[in-house]
Amino acid sequence: MTKREVKSGNVLLAEPFMIDSNFKRSAIIICEHNEEGSIGFIMNKQLEMRIDELIADFPEFDAPVFFGGPVQTDTIHYIHNVGDLLEDSVEVVPGVFWGGDFEKLKFLIKSEMVSPDNIRFFVGYSGWSEGQLLDEMEWGSWVLANMYANYLFKSSPKKLWKQIMKNK
């Protein structure tokens, strides 16, 4: 198999024997990859909390929160499928958008135009400095796969790593 170039919209799968507890059996969506580095979010490490428990002025919303990665764990990020409704969001792959106007998001949730099925919240993120991810790819730490919206919005987080590895 030829090695593909990492790009936004790829999934990084931790190689089966990775022992780093932050990334063991992780499936990470890459939302940004450029010459300065890479940013992604672990899609399959659900935390036992809801987003409205983390943010004081957030509307009541029964949406799960995921451990996005070990970088800046005092920050909240979100990936959703309502990019047409949320200004300033970035399309990562068709049907998958990153970020956007946070106040508008709260309004859309209060208005019931966004449901928990439309969005995933992440505490922290996974980040790599310039060249670091490519080095880790060379060492065999990661397996590259394509991203599909169903992985994030329809698949069971507990089965996601295995599902993507099988589909790869």
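- Using a 4.5 Å heavy-atom cutoff, the side chains of L105 and Y78 are in contact.
- Aromatic rings of F121 and F58 (six-membered ring for Trp) have centroids within the 6.0 Å cut-off, being under it.
- In terms of heavy atoms, N118 sits closest to M113 at OD1-O, 4.4 Å.
- Salt-bridge check for D57 with K106: passed, with a basic side-chain N closer than 4.0 Å to an acidic carboxylate O.
- Taking all atoms of both residues into account, the shortest heavy-atom contact from P59 to I109 is CG-CG2, 3.8 Å.
- Taking NZ from K158 and CD from Q163, the interatomic distance works out to 15.0 Å, rounded to the nearest 0.5 Å.
- A distance-only check finds a donor-acceptor pair linking the side chain of K104 to the backbone of L85 [under 3.5 Å].
- Residues V90 and E32 are not in side-chain contact: their nearest non-hydrogen atoms beyond the backbone lie 4.5 Å or more apart.
- Between the side chain of N44 and the backbone N or O of R25 there is at least one donor-acceptor pair closer than 3.5 Å.
- Here the closest heavy-atom approach between residue S126 and residue P70 is recorded as OG-CD, 4.2 Å.
- At distances below 3.5 Å, not a single donor-acceptor pair connects side-chain atoms of N10 with backbone N or O atoms of L144.
- The closest donor-acceptor contact from the side chain of S38 to the backbone of W128 lies at 3.5 Å or more, if one exists at all.
- Looking only at side-chain heavy atoms (C-beta outward), V92 and M147 stay at 4.5 Å or farther from each other.
- When all heavy atoms of N146 and Y151 are compared, the pair lying nearest together is O-CE1, 3.4 Å.
- By the 4.5 Å heavy-atom criterion applied to side chains, L108 and L86 are counted as neighbours.
- Checked by atom type and distance alone, the side chain of E15 pairs as donor or acceptor with a backbone atom of M18 at under 3.5 Å.
- For NZ of K162, the number of neighbouring non-hydrogen atoms (other residues, nucleotides, ligands) closer than 6.0 Å is 12 at most.
- A distance-only check finds no donor-acceptor pair linking the side chain of H80 to the backbone of V96 [under 3.5 Å].
- Counting heavy atoms from C-beta on, the side chains of F41 and I79 come closer than 4.5 Å.
- Taken together through direct or relayed side-chain contacts under 4.5 Å among Ile, Leu, Val, Met, Phe, Trp and Tyr, F61 and L47 form part of one hydrophobic cluster.
- Centroid-to-centroid, the aromatic rings of W142 and F23 come within less than 6.0 Å.
- Counting heavy atoms from C-beta on, the side chains of L54 and M49 come closer than 4.5 Å.
- Side-chain contact check for V123 versus I76: some heavy-atom pair is nearer than 4.5 Å.
- Of all non-hydrogen atoms in G99 and S89, the two that sit nearest each other are O-CB, 3.1 Å.
- Counting heavy atoms from C-beta outward, L12 and L133 have side chains that approach closer than 4.5 Å.
- A donor-acceptor pair is defined here as one N or O able to donate and one able to accept, closer than 3.5 Å; no such pair exists between the side chain of S155 and the backbone of L152.
- In this structure, F66 is not a member of the same hydrophobic cluster as F97, with clusters built from ILVMFWY side-chain heavy atoms closer than 4.5 Å.
- Here the closest non-hydrogen pair linking N22 and K45 is O-CE, 3.7 Å.
- A centroid separation of less than 6.0 Å is found between the aromatic rings of Y125 and H77.
- Judged purely by atom type and a 3.5 angstrom limit, S141 has no side-chain atom pairing as donor or acceptor with the backbone of M137.
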